[in-house]
> 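Have a look at the structure that comes next, please.
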Amino acid sequence: MDVSQKLQIVTASARFDICGYDAARSMQLATRDPHRFIYHAKLPGGGCMSLFKVLQTNVCTNDCAYCVNQVGRDRPRAYFRPEELAGLFMELHRKKLVRGLFLSSGVAGSPSRTMQEMIDTVQILRQRYQYQGYVHLKMMPGAGYDCIEAACRVANRVSINMEAPTAHHLARLSSRKNLYDGIVERMRWAKEIMSQHEGLVPSGQTTQFVVGAAGESDRDILRTTGALYREIGLRRVYFSAFQPVIDSPLEGRSPTPPLREHRLYQADWLLRVYGFSPQELDLALNDKGNLSLSRDPKMLIARRQPWLFPVDVNRASYEELLRVPGIGPISAARITVARAEYSIDSLEQLRKMGVVTKRAGPFIWFSGASAHEKQLCFLQEIEDEPGDVPSLAGAIQ
Ligand code: SF4
């Protein structure tokens with residue numbers, strides 16, 4: 001089998017490991033794209049980076065029920081030798097088709113052996129080709145400490161997919177993966193290695209959930225997500241809406257609506273960027289523990305805490321401003337800077353600062369406005385009592 005045949009086989013598998021709001025769309029586009037091994041990763045400050053998204057091999061001895069590569073599935077399999085894959089990447093890089101590498105793999109027998117092949121690939125890039133660019137390297141569940149350390153030494157970002165938020169849910173998807181010993185322990189090792197060696201893994205550690213494959217609720221996902229940020233210091237958690245794979249145990253299961261994935265990203269944003277507490281996020285959940293598909297979680301949380309509003313734009317703290325629908329971190333910061341110079345007294349001024357005034361209007365007032373103008377009508381009652389914040393061990397049990 002030549003390199004281009006191998007590339008066709010493994011990229012057909014790798015495209016199912018796409019994370020992001022538009023995952024399903026990306027997958028559809030990818031099937032029509034002659035360069036479907038290129039994944040356009042969004043960058044935090046805007047723009048995107050084209051990554052060579054590839055597997056070392058799509059051979060796998062695991063049996064994850066949602067996955068195209070699960071053991072026993074009849075499909076073509078291929079394996080890249082490290083020097084072969086490194087050479088292929090450099091060819092694409094020289095042609096300016098890709099700017100970075102996102103390397104994952106099936107688990108071909110021993111997790112440590114598979115991971116060593118991936119590390120060898122990156123070491124060839126770093127040493128033989130003097131490639132200094134971006135590498136995102138997946139860690140294999142169950143791989144040894146030495147492999148995790150070696151990965152942290154060569155990669156800009158490392159990740160290991162949790163796939164499900166609790167041990168109970170993961171057991172529904174795989175008979176061979178162990179959430180605590182096989183996955184979370186590797187995350188803790190990576191965290192420990194990064195804290196001991198300053199400058200390693202500059203883009204941090206991440207993980208991903210397959211949403212909707214195991215019958216988990218959004219509450220399950222968000223509790224574990226919050227615990228991962230607090231205890232492991234993950235840089236990001238990604239959500240990928242489940243899509244059934246033909247000839248797999250979940251073939252007949254309905255796909256997860258992409259909107260559920262989108263709502264989870266919105267809730268994650270509130271947790272990670274806006275500093276909302278897990279108890280506040282609980283206010284956005286229904287009695288089944290799921291986010292509304294039709295309502296924005298931040299708006300729901302605000303409506304269920306009517307006693308917090310309206311906030312005085314000229315006196316509210318940065319944190320209070322952030323809880324107003326339509327006000328984000330940038331516009332909240334602009335408000336705090338501007339009001340040190342002058343009094344803010346109109347929606348038009350706020351609009352120029354980036355506030356979505358249609359959303360924010362009912363939740364704010366300006367010092368000096370009459371009592372009548374401050375009156376608001378919040379019809380929603382709080383539905384759920386906020387729960388305790390679970391530890392990671394508690395969340396995944
Ligand atoms: S470990 Fe599971 S998710 Fe990963 S390639 Fe193997 S079967 Fe697929």
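On a predicted model such as this, the values are computed, not experimentally measured, just so you know. All ligand and atom numbering here is 1-based and tracks the order in the structure.
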> Using the six-membered ring of Phe276, assess whether NZ or CZ of Arg323 lies under 6.0 Å from its centre and within 45 degrees of the ring axis.
yes

> Under a 3.5 Å cutoff, is there a donor and acceptor pairing between the side chains of Tyr145 and Glu192?
yes

> Would the number of heavy atoms belonging to other residues, nucleotides or ligands and lying under 6.0 Å from CD1 of Ile246 be above 12?
no

> Mind checking how many protein N/O/S atoms fall short of 2.8 Å from atom 6 (Fe) of ligand 1?
1

> Salt bridge check: are Arg260 and Glu216 linked by an N-O gap of less than 4.0 Å?
yes

> What protein heavy atom sits nearest atom 4 (Fe) of ligand 1, and how far away is it?
Lys177 NZ, 4.3 Å

> Working to the nearest 0.5 Å, report the span between CG of Leu222 and CG of Asn290.
9.5 Å

> Would you mind checking if Arg188 and Glu185 are paired as a salt bridge, meaning a charged N to carboxylate O distance below 4.0 Å?
no

> Is the count of non-hydrogen atoms from other residues, nucleotides or ligands lying under 6.0 Å from Arg113 atom CZ greater than 12?
no

> Give the residue and atom name of whichever protein heavy atom lies nearest to atom 3 (S) of ligand 1, and the separation in Å to one decimal.
Tyr66 OH, 3.5 Å

